[in-house]
Amino acid sequence: MWSDRYYYLNIYKDKSLNTHCSTERLIYFLNDFPELQQKEMYRFGNADGLPFVDMWLLFTPTLSSWSNYSTDPIKTNLISIVCAKGVYGRWELLQPIFVKIASYLHWSLVDEETDGGQEDFILWKP
């Protein structure tokens with residue numbers, strides 16, 4: 001999906017979503033980021049004063065078929081991120097956070113669709 005106001009990003013091992021991580025350990029790791037706040041059990045957002053972030057920890061069979069209810073207390077195979085871009089966000093503050101998360105998992109950070117129309121553009125990979 002493309003928007004002039006938001007990035008639609010994903011963190012996953014590969015598009016098959018056959019690899020998962022421990023949801024509990026991931027939540028523990030994410031709670032160490034002062035830039036993020038846990039909003040719900042499997043949902044994180046931006047801390048006050050930072051650009052908009054909405055991040056979901058998901059367990060789903062496919063990239064194209066999930067909802068906010070596609071969660072699992074044991075395993076996560078996809079982190080879906082919507083965040084502000086352009087004049088609405090400051091990418092230079094957000095990107096390092098997402099790269100640290102992807103690095104921790106040894107997964108890729110992927111833009112669903114770039115401003116140039118390229119789908120599944122890898123922003124960072126191990």
Side-chain angles (χ1 to χ4, degrees):
M1 180 181 302
W2 181 86
S3 167
D4 64 337
R5 293 184 178 201
Y6 302 103
Y7 287 111
Y8 293 89
L9 309 172
N10 293 306
I11 297 175
Y12 53 77
K13 179 68 173 177
D14 59 54
K15 291 174 86 172
S16 69
L17 300 179
N18 289 329
T19 302
H20 65 270
C21 68
S22 164
T23 301
E24 182 180 359
R25 287 183 183 174
L26 182 56
I27 289 170
Y28 182 79
F29 176 73
L30 294 175
N31 274 313
D32 275 346
F33 284 86
E35 302 91 347
L36 298 175
Q37 290 182 340
Q38 190 168 2
K39 305 292 185 178
E40 297 175 23
M41 179 61 87
Y42 308 107
R43 182 178 175 218
F44 286 78
N46 55 284
D48 291 340
L50 292 175
F52 171 77
V53 173
D54 190 31
M55 179 185 310
W56 283 90
L57 312 182
L58 305 169
F59 186 73
T60 181
T62 66
L63 283 170
S64 61
S65 179
W66 60 266
S67 73
N68 297 348
Y69 300 105
S70 301
T71 57
D72 187 288
I74 306 297
K75 48 193 172 182
T76 296
N77 64 355
L78 173 65
I79 302 172
S80 175
I81 304 166
V82 177
C83 65
K85 81 179 202 186
V87 297
Y88 307 99
R90 294 186 27 219
W91 180 243
E92 70 277 4
L93 295 176
L94 301 176
Q95 183 181 20
I97 298 164
F98 305 145
V99 169
K100 285 179 188 174
I101 297 166
S103 176
Y104 169 76
L105 296 169
H106 304 287
W107 292 2
S108 297
L109 172 62
V110 181
D111 187 346
E112 285 187 12
E113 185 176 356
T114 66
D115 291 342
Q118 186 174 354
E119 293 184 1
D120 300 322
F121 181 78
I122 296 174
L123 296 167
W124 185 89
K125 69 179 182 175

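This structure is a prediction, so every number in the text was calculated from the model and none was measured. Atom set for the values below is all heavy atoms of this structure, side chains included, hydrogens, waters and symmetry mates excluded.
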### Message
Tell me whether the rings of Y7 and W91 are parallel (<30°), tilted (30 to 60°) or perpendicular (>60°).
### Response
tilted
### Query
Does any N or O in the side chain of K85 come within less than 3.5 Å of the main-chain N or O of S3, such that one atom is a donor and the other an acceptor?
yes
### Task
Could you pull out the closest heavy-atom pair between P51 and R90, with the gap in Å?
CG-N, 3.5 Å
### Task
Kindly work out whether a path of hydrophobic side-chain contacts (I/L/V/M/F/W/Y, heavy atoms less than 4.5 Å apart) joins I97 to V53.
yes
### Message
With rounding to the nearest 0.5 angstrom, report the OG1 to CG distance, T23 to L58.
### Response
9.5 Å
### Task
Taking the side chain as every heavy atom from C-beta outward, state whether N10 and E112 have any atom pair closer than 4.5 Å.
yes
Return a table of donor-acceptor pairs under 3.5 angstrom between the side chains of residues 117-126 and protein atoms on other chains or two or more places apart.
{"residue": "D120", "atom": "OD2", "partner": "K15", "partner atom": "NZ", "Å": "2.7"}

#### Entry: Remaining members of hydrophobic cluster (4.5 Å side-chain criterion), L50
L93
### Query
Can you tell if the side chain of L63 reaches within under 4.5 Å of the side chain of Y12, non-hydrogen atoms only?
yes
### Closest contact, heavy atoms only, T60 versus S70
CB-CB, 4.3 Å
### Task
Check the pair L94 / I81 against side-chain contact (heavy atoms from CB on, under 4.5 Å), numbers first and verdict last.
CA-CA 11 Å; L94 301 176; I81 304 166; over 6 Å; no
### Task
Just jot down the side chain to side chain contact (heavy atoms under 4.5 Å, CB included) partners of S64, sequence neighbours excluded, or say none.
T62
### Query
Would a 4.5 Å heavy-atom cut-off, applied to side chains only, mark Q38 and I27 as touching?
yes
### Pairs where residues 30-51 contributes a residue and the test ring-ring contact (aromatic ring centres under 6.0 Å, His included) is met, not counting sequence neighbours
F29-F33
#### Entry: With E40 via side chain to side chain contact (heavy atoms under 4.5 Å, CB included) - residues at least two apart
R43, W56
### Message
Nearest 0.5 Å, please: how far is CZ in F59 from CH2 in W66?
### Response
15.0 Å
### Summary
Per side chain to side chain contact (heavy atoms under 4.5 Å, CB included), M55 is matched among V82, N46, L36, I11 by L36
For residues 98-111, run the donor-acceptor check on the side chains, cut-off 3.5 Å, and write out each pair with its distance to 0.1 Å, sequence neighbours left out.
{"residue": "W107", "atom": "NE1", "partner": "L105", "partner atom": "O", "Å": "3.4"}
{"residue": "D111", "atom": "OD1", "partner": "E113", "partner atom": "N", "Å": "3.2"}

